[in-house]
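Here is the naming used below: chain letters follow the sequence lines, and residue numbers restart at 1 for every chain. Every heavy atom of this structure was used, including side-chain atoms; hydrogens, water molecules and symmetry mates were not.
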There are 2 protein chains.
Amino acid sequence: MKKITIEEVAKIAGVSKGTISAVINAKNTVKPETRDHILEVMKDLNFRPKGVARNLKNGAKDKSIGIIIKDLNYPFYTSVATGAREYAKSKGYSVIVASSENDHEYEKKLSHLFSTKDIKGIIIAPIVEGASEIEHLFKLKMINYPFVLLEDVKGIQANVVAIDNIRAIKKAVKYLIESGHTKIVHFAGPPSSSHTQERIEGFRHAFSESTLVFNKSMIVSIGSDHEESYRKTLEYFKHKNRKEYPTAIVCFNDLQALAVMTALKELNIKIPEDISIIGNDDIFYAKIYPVPLTTISAPQHEIGRRAAEILIRNIESPKFIQIERVVLETEFIVRESSKVLNR
Amino acid sequence: MKKITIEEVAKIAGVSKGTISAVINAKNTVKPETRDHILEVMKDLNFRPKGVARNLKNGAKDKSIGIIIKDLNYPFYTSVATGAREYAKSKGYSVIVASSENDHEYEKKLSHLFSTKDIKGIIIAPIVEGASEIEHLFKLKMINYPFVLLEDVKGIQANVVAIDNIRAIKKAVKYLIESGHTKIVHFAGPPSSSHTQERIEGFRHAFSESTLVFNKSMIVSIGSDHEESYRKTLEYFKHKNRKEYPTAIVCFNDLQALAVMTALKELNIKIPEDISIIGNDDIFYAKIYPVPLTTISAPQHEIGRRAAEILIRNIESPKFIQIERVVLETEFIVRESSKVLNR
DNA sequence: AATAAAAATTAAAACGTTTCAATAAATGGC
DNA sequence: GCCATTTATTGAAACGTTTTAATTTTTATT
């Protein structure tokens with residue numbers, strides 16, 4: 001299938017390339033009849049002007065940045081993207097988003113795609129599995145392509161905007177301990193997620209700074225997929241009798257927490273009377289749940305905004321500028337899914 | 001600020017453009033010392049090879065399509081995008097998404113952006129306000145750029161994948177009537193949305209085919225923003241005494257339904273005992289609500305999939321192909337937020 | 001030290017448009 | 001019908017890379 005170019009169209013229409021170009025760009029210098037004829041030929045040939053070539057001459061004037069998130073359907077990420085979008089818009093940039101769906105290969109593909117298509121820079125929520133290769137990030141660095149990570153990636157110096165997961169969980173657990181909870185459990189996330197490990201660590205640390213003592217049975221592997229979390233929660237409780245129940249569950253994230261609450265409802269366990277539930281992320285849909293979720297709130301919009309800020313500063317600077325690393329504070333928000341025991 | 005090109009780098013590094021190119025493309029034909037030196041110069045100059053020019057020569061080999069949705073934070077749209085992504089991936093295409101956030105101007109900007117950046121085609125959920133201009137769509141047609149709309153747009157012949165909103169609501173209302181409901185009300189969406197009018201129409205039509213009679217007070221303008229819907233619902237009930245309450249509310253969409261349920265909880269109105277609630281869309285978070293929402297389920301993944309299918313078929317066809325219009329069926333799903341009265 | 005082979009570099013053509021100055025064609029005024 | 005405008009069209013240069021074949025430099029072999 002031969003590639004068809006403006007030249008081809010010109011030849012067949014019997015005019016010069018310049019005239020075709022004028023038609024494509026809706027210049028009003030073309031005689032209507034000529035125009036119509038050209039249009040017809042274009043249609044016949046199914047001619048699609050190559051955007052690439054069009055932009056080469058003048059350089060596209062539209063400014064845009066990309067953001068690669070991990071999951072298009074998890075509100076946390078779309079909120080971050082929205083934060084980025086708001087800031088970017090104020091600076092005249094469009095934002096386009098793509099989701100890696102937790103697939104490292106796909107992330108690489110997307111980063112290449114963006115950097116190659118005259119998108120001025122990218123914000124990346126990187127998939128960091130154990131020792132995942134990061135040559136694609138090095139490649140971006142090599143061509144001085146601006147990017148900002150939403151998570152630290154070992155082995156590379158880059159702009160990062162992140163939150164301190166460890167500290168966040170620690171705060172939550174400490175709160176529980178101070179509220180008189182003694183049987184606290186962590187429902188851990190999917191083993192493949194880098195956050196899972198961090199959160200387990202934060203959970204464990206909280207104990208070392210308290211009078212309670214940590215033991216491994218306090219960590220239960222649950223995942224974050226809703227259906228799976230629901231099932232595993234049911235299972236977890238099946239093997240326990242009432243007095244073995246924890247008094248509080250610190251969940252991996254809000255989505256998991258929602259699943260846990262669904263399961264507990266089925267088991268007739270009352271929240272927060274019987275068990276306190278703590279989420280993580282603070283997604284919109286957990287906030288409007290009938291039992292609004294106590295959670296660790298990550299400043300999603302701010303994450304996006306700050307990342308976009310750094311990114312655009314880099315894009316617009318003619319010379320290389322200092323790498324930045326900002327760690328944002330989370331806020332522990334007590335709502336109705338948790339309860340204080342010692343009063 | 002002078003634009004800096006590969007030529008500039010070559011001159012300063014004292015080598016030819018070809019060598020610079022080889023470095024950029026990680027060819028292993030460059031002597032390490034030369035390479036390092038060039039890298040240094042590149043960094044000094046903050047040289048960013050223009051993707052546009054790079055792609056011109058060989059034509060980028062990565063295939064990608066775009067999807068422009070209306071709201072990045074409404075799960076309905078991200079589900080559609082996910083459906084598109086799944087199909088596209090199977091065909092070797094990446095998907096990038098952008099949100100117009102219900103801003104017609106922004107939609108235009110994005111469609112231009114995509115078509116200009118060598119994205120092979122777009123799926124567009126168009127903003128159709130009364131008589132909105134659609135020159136941007138005509139422009140796409142002119143350049144034979146493949147696109148698929150997720151909603152009919154008056155005045156243009158184009159590929160469309162949509163659902164029949166009117167029929168969908170009608171089905172729901174009929175179900176309620178057959179279940180013995182007599183006091184049915186529609187909580188309408190934001191006046192600016194094209195769906196609002198359609199759904200009102202569907203609601204009204206259902207009555208003409210029944211023994212009940214429609215009157216205007218059955219349509220209540222509520223919106224779809226959560227906070228606003230919550231507030232307006234409270235207000236609606238404030239002026240009514242118990243026996244004036246409707247027995248069923250047909251909501252504009254699931255998000256609104258969620259807000260309505262929150263308000264009713266506050267008012268101590270039981271669902272479904274006192275009032276049945278019907279949603280629309282079937283978003284994930286309404287399904288996992290403690291009172292799972294009865295709703296009109298749109299086949300979100302399928303919408304995306306079919307749109308991507310048509311799009312890619314058009315992209316890959318060397319010649320113009322017949323315009324398609326597919327209307328997908330919705331499914332009325334009875335869960336626990338509604339109840340049958342007449343038994 | 002000469003030669004052959006291998007490695008590194010260069011120079012020019014190519015990619016497919018847009019732009020713009022130059023030219024040609026059409027129109028209007030007389 | 002002729003000249004002066006105005007309108008329409010053309011042709012060549014330009015955009016910033018990549019790609020190759022050709023050349024130069026380096027290395028290895030004798």
Do E7(B) and T5(B) have side-chain atoms, one donor and one acceptor, less than 3.5 Å apart? no
For residues 70-87 of chain A, the salt bridge (Lys or Arg N to Asp or Glu O under 4.0 Å) pairs (sequence neighbours left out) are K70(A)-E151(A)
E7(B) CD to dA11(C) P, in whole Å, measures 11 Å
For side-chain contact (heavy atoms from CB on, under 4.5 Å), just list the numbers for F47(B) and I143(A), CA-CA rounded to whole Å, side-chain angles, deciding distance to a tenth of an Å, and then say yes or no. CA-CA 7 Å; F47(B) 165 63; I143(A) 60 174; over 6 Å; no
Rounded to whole Å, NZ of K27(A) lies from P of dT17(C) at a distance of 15 Å
Under a 4.0 Å heavy-atom criterion, DNA chain D is touched by chain A from dA8(D) to dG16(D)
Could you check whether T5(B) gets within reach of a base, just the sugar-phosphate, or nothing at all, counting any heavy atom under 4.0 Å? sugar-phosphate
Rounded to whole Å, the CD-C1' distance (E33(B) to dA7(C)) equals 13 Å
### Message
Within the 3.5 Å criterion, strictly below it, is a donor on N73(A) or T82(B) matched to an acceptor on the partner's side chain?
### Response
yes
Residue set satisfying side-chain contact (heavy atoms from CB on, under 4.5 Å) with T34(A), at least two apart, ordered chain then number -> V15(A), T19(A), V30(A), K31(A), I38(A)
Short side-chain N/O contact from K50(A) to OP1 or OP2 of dT17(C), under 4.0 Å | yes
- Which part of the nucleic acid, if any, lies within contact of V52(A), taking any heavy atom under 4.0 Å across all strands shown: a base, the sugar-phosphate backbone alone, or nothing? nothing
- Message: Salt bridge or not between K319(A) and D44(B)? Use side-chain N to carboxylate O under 4.0 Å.
- Response: no
Q. Looking for any heavy atom pair under 4.0 Å, which part of the strands does N55(A) touch: base, sugar-phosphate only, or nothing?
A. nothing
Residue pair K31(B)/K31(A) against DNA chain D: nearer the 5' end by closest nucleotide is K31(A)
